[in-house]
2 protein chains.
Amino acid sequence: MTLADPDPESAAAFVADARSDDLAVSLVGVCATTFEGCAERALPAGVRHVLCKPDDTVLVHGASGRDPVAWSSGGDVTANVVDDALELHCGVGDGADTLTVSFESVQHAAAFAPTNEAGDVSGTEVDLKERVLSNPDLVEDGFRALATERETPAGPVDVYGRDADGAVVAVELKTRRAGPSAASQLERYVTALRRDLHADAEVRGILVAPEITEKTRRLLAESGLDFSPVE
Amino acid sequence: MTLADPDPESAAAFVADARSDDLAVSLVGVCATTFEGCAERALPAGVRHVLCKPDDTVLVHGASGRDPVAWSSGGDVTANVVDDALELHCGVGDGADTLTVSFESVQHAAAFAPTNEAGDVSGTEVDLKERVLSNPDLVEDGFRALATERETPAGPVDVYGRDADGAVVAVELKTRRAGPSAASQLERYVTALRRDLHADAEVRGILVAPEITEKTRRLLAESGLDFSPVE
DNA sequence: CGGTTCATGTCGCAC
DNA sequence: GTGCGACGTGAACCG
């Protein structure tokens, strides 16, 4: 399941075999990449790590960063020998987005059978929603939740309810410090609700987040929306 | 620079050595992960690929998807032997966000010296901006660009100019099909400009994108903003 | 399949 | 460092 300093033919065969067995392949070597499609990008030759997953995802990682320096998702993957070098071709058949990885040399290759199992995340927006539902006063004293993901012409409101005075309230939840887009999002929902409900209905909007930036605070104020810090 | 089926002590030493030499390490093995911090997540034991980069980024990849199933950026990385097993500890010293990767077994380890070189992307918003500047009619017949990234109280406008009638125009550029957030963003800029400029100044907003969704079209219309298809 | 939104988003840039 | 917006964003969810 491993090769060291293979020649191009061996490497190509190794990759092809592994892929036909639904294995993942980890490659280390000197390679250049080109991507063409909706955007374009080329990388000069360099030592990189290439991971080919059984779902045809190909990741090219450089020395730093969480994100790959090049990648391909979706389309087919083929391993060929071109000009006496291993070359990976990734992309949809008709070739809208295409990634090519051209190896000058392969230091190392390993094949393995990865598991797909995953775990659940907690601390997400859903958790915050559940907390708000079980303790509506977090939003505001006297707030009552009536629905979640209530549909409006502008999209679904995270939490929909009424305040102590009976006014309709749209609640937008953010698990982190909220920025201007959150204020705009809430404003879209509130505007849509005002249009949707009877003209005499009062509609308020409350942004629930651990924190907001100053500009966001100003935006909320200008739109007559409220902020309720949580967590 | 390679190990096959190492015992935990060898694996830990291998990782530690590689890291002290500023090398990246590619690991394949059966491992479980836990992440704790702003959110929480745990993965059961499974065969995965772990990539430790010299910048202390750690990526845990499963069988599918472009994104890692677990990762750590920033903090320190240490490789220890715990309960006769390799364990990677990643996180800031005081431990806000912590990732732990516990190996049941290591099938394979490889160390290498990755290059950091990267290439530039074309087809991005900057390219679209340059195209618009060199050919303002793309925005609208008679449009004249006066500035890019012009500052407003709501943030910088992509392109700022005037239309054939001399009215101020804020242009928001999107390289892909634009959604509701783009309309809201443009509206924020236009509102800020109307407030900022003389009261009698007419201010228009034009969203420039290859395409927009229907809801976005409606939002633009409600706000009196325009859409100009490009590309 | 398209539309919308969340994300441990990540990343880069300006203040 | 914080704030802000783009990203070849990716990924899930829903009609």
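Every chain is numbered from 1, with letters handed out A, B, ... down the list of sequences.
Nearest-nucleotide positions on DNA chain D place A:I212 closer to the 5' end than the other of A:I212 and B:K174. Of the two residues near DNA chain D, A:T216 and A:S73, the one whose nearest nucleotide lies more 5' is A:T216.
By the 4.0 Å N-to-carboxylate-O rule, A:R204 lies close enough to A:D226 to be salt-bridged with it.
The B:D97 side chain lies nearest to C:dT8 when the options are D:dC4, C:dT8, C:dC6. With C:dT10, C:dC6, D:dG10 as the candidates, the nucleotide lying closest to the side chain of B:R66 is D:dG10. The side chain of A:P156 approaches C:dT5 more closely than any other nucleotide in the set C:dA7, C:dT5, D:dG3. Distances were taken from every side-chain heavy atom of B:V121 (C-beta onward) to each of C:dA7, D:dG8, D:dT2; the shortest belongs to D:dG8. For B:Y189, taking side-chain heavy atoms from C-beta onward, the closest of the listed nucleotides D:dG8, D:dG5, D:dG10 is D:dG5. Residue A:R188 places its side chain closer to C:dT5 than to any other of D:dA11, C:dT8, C:dT5. The side chain of A:D158 lies closest to C:dC6 when the candidates are C:dC6, C:dT8, D:dG5. With distances taken from any side-chain atom of B:W71 to the nucleotides D:dG8, D:dC4, C:dT10, the minimum falls on C:dT10. In the set C:dT10, C:dC6, D:dG10, C:dC6 carries the atom at the smallest distance from any side-chain atom of A:E172. Closest to the side chain of B:P180, from the set C:dT4, D:dA6, D:dC7, is C:dT4.
Listed pair A:T213 / D:dC4 meets the phosphate criterion, a side-chain N or O lying under 4.0 Å from OP1 or OP2. Put simply, B:T124 has no side-chain N or O that comes within less than 4.0 Å of OP1 or OP2 on D:dA6. OP1 or OP2 of D:dA6 has at least one side-chain nitrogen or oxygen of B:Q185 nearer than 4.0 Å. For B:R177, no side-chain nitrogen or oxygen approaches OP1 or OP2 of C:dG2 to under 4.0 Å.
The shortest side-chain heavy-atom distance between B:F143 and B:V169 falls under the 4.5 Å cut-off.
If you measure from atom CG of A:L59 to atom P of D:dG8, you get 15 Å, rounded to the nearest angstrom. In this entry the distance linking CG of B:L128 with P of D:dG8 reads 14 Å, nearest Å. Look at CD on B:E151: it is 11 Å from P on C:dA14, rounded to the nearest Å. Spacing between atom CD of B:E125 and atom P of D:dC4 amounts to 17 Å, rounded to whole angstrom units. Between the CG atom of B:L207 and the P atom of D:dG5 there is a distance of 15 Å, given to the nearest Å. Whole-Å rounding puts the A:E149 CD to D:dA12 C1' distance at 12 Å. Regarding A:N116, its CG atom lies at a distance of 12 Å from the P atom of D:dA11, rounded to whole Å. Atom pair A:R41:CZ and C:dC11:C1' shows a separation of 11 Å (rounding to whole Å applied).
If you check every strand for non-hydrogen atoms under 4.0 Å, A:G123 touches nothing. Heavy atoms of B:A182 sit nowhere under 4.0 angstrom from any nucleic acid atom. Within the nucleic acid shown, A:A154 comes within 4.0 Å of sugar-phosphate atoms alone, with no base atom in reach, counting heavy atoms only.
Nearest heavy atoms, A:I206 versus A:E140: CD1-OE2, 3.7 Å. Of all non-hydrogen atoms in A:V25 and A:A18, the two that sit nearest each other are CG2-CB, 3.4 Å.
Under the 3.5 Å distance criterion, the side-chain polar atoms of B:R19 are left unmatched by any main-chain donor or acceptor of B:A24.
Taking atom C1' on both nucleotides, C:dT5 is separated from D:dC7 by 16 Å, rounded to a whole Å. Rounded to whole Å, the C1' atom of D:dG8 lies 24 Å from the corresponding atom of C:dA14.
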side-chain hydrogen bond (donor to acceptor under 3.5 Å, both in side chains) between B:T213 and B:R177, worked out: CA-CA 7 Å; B:T213 65; B:R177 178 184 279 245; 5.9 Å; no
Stepwise side-chain contact (heavy atoms from CB on, under 4.5 Å) test for B:S184 and A:R188: CA-CA 8 Å; B:S184 289; A:R188 289 203 303 274; 2.8 Å; yes
